[in-house]
> 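Supplied in structure tokens, the structure appears directly below.
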Amino acid sequence: MRDWLHLAFARAIVCRGLIYSVVVGTVLTAINHGDSILYGQVGSPDLFKIGLTYVVPYVVATLSSVAALNSRVK
């Protein structure tokens, strides 16, 4: 677990996850909430969902990057 966390918080992994999160999160937010944002009808539940829209790609990118690195080592 310690090795996994060490890899997950490595600078390259974090940067890659953030880039994917911004790109994918922005596209998905535009698709799912674009009209609400344009018309200024974004409420608290929407903000929570938009936040998750950015968190999920970060988690997926991090999990897959660490898994790829671990599979190369073994």
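The figures that follow rest on heavy atoms only: side chains count, while hydrogens, waters and symmetry mates do not. Heads up: numbering here begins at 1 and tracks the sequence.
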> Going by atom type alone, with no hydrogens or angles, which donor-acceptor pairs under 3.5 Å involve a side-chain atom of residues 36-50 and a protein atom two or more places apart or on another chain?
{"unit_1": "Asp46", "atom_1": "OD2", "unit_2": "Gly43", "atom_2": "N", "d": "3.2"}

> Indicate every side-chain donor-acceptor pair of residues 12-30 with a distance under 3.5 Å to a residue at least two apart or in another chain.
{"unit_1": "Ser21", "atom_1": "OG", "unit_2": "Tyr54", "atom_2": "O", "d": "2.5"}
{"unit_1": "Thr26", "atom_1": "OG1", "unit_2": "Val22", "atom_2": "O", "d": "2.6"}
{"unit_1": "Thr26", "atom_1": "OG1", "unit_2": "Tyr54", "atom_2": "OH", "d": "3.1"}
{"unit_1": "Thr29", "atom_1": "OG1", "unit_2": "Gly25", "atom_2": "O", "d": "2.7"}

> Extract all donor-acceptor atom pairs below 3.5 Å that involve side chains of residues 58-69 and protein atoms in other chains or at least two apart in sequence.
{"unit_1": "Thr62", "atom_1": "OG1", "unit_2": "Tyr58", "atom_2": "O", "d": "2.9"}
{"unit_1": "Ser64", "atom_1": "OG", "unit_2": "Val60", "atom_2": "O", "d": "3.0"}
{"unit_1": "Ser64", "atom_1": "OG", "unit_2": "Ala61", "atom_2": "O", "d": "3.1"}
{"unit_1": "Ser65", "atom_1": "OG", "unit_2": "Ala61", "atom_2": "O", "d": "2.9"}

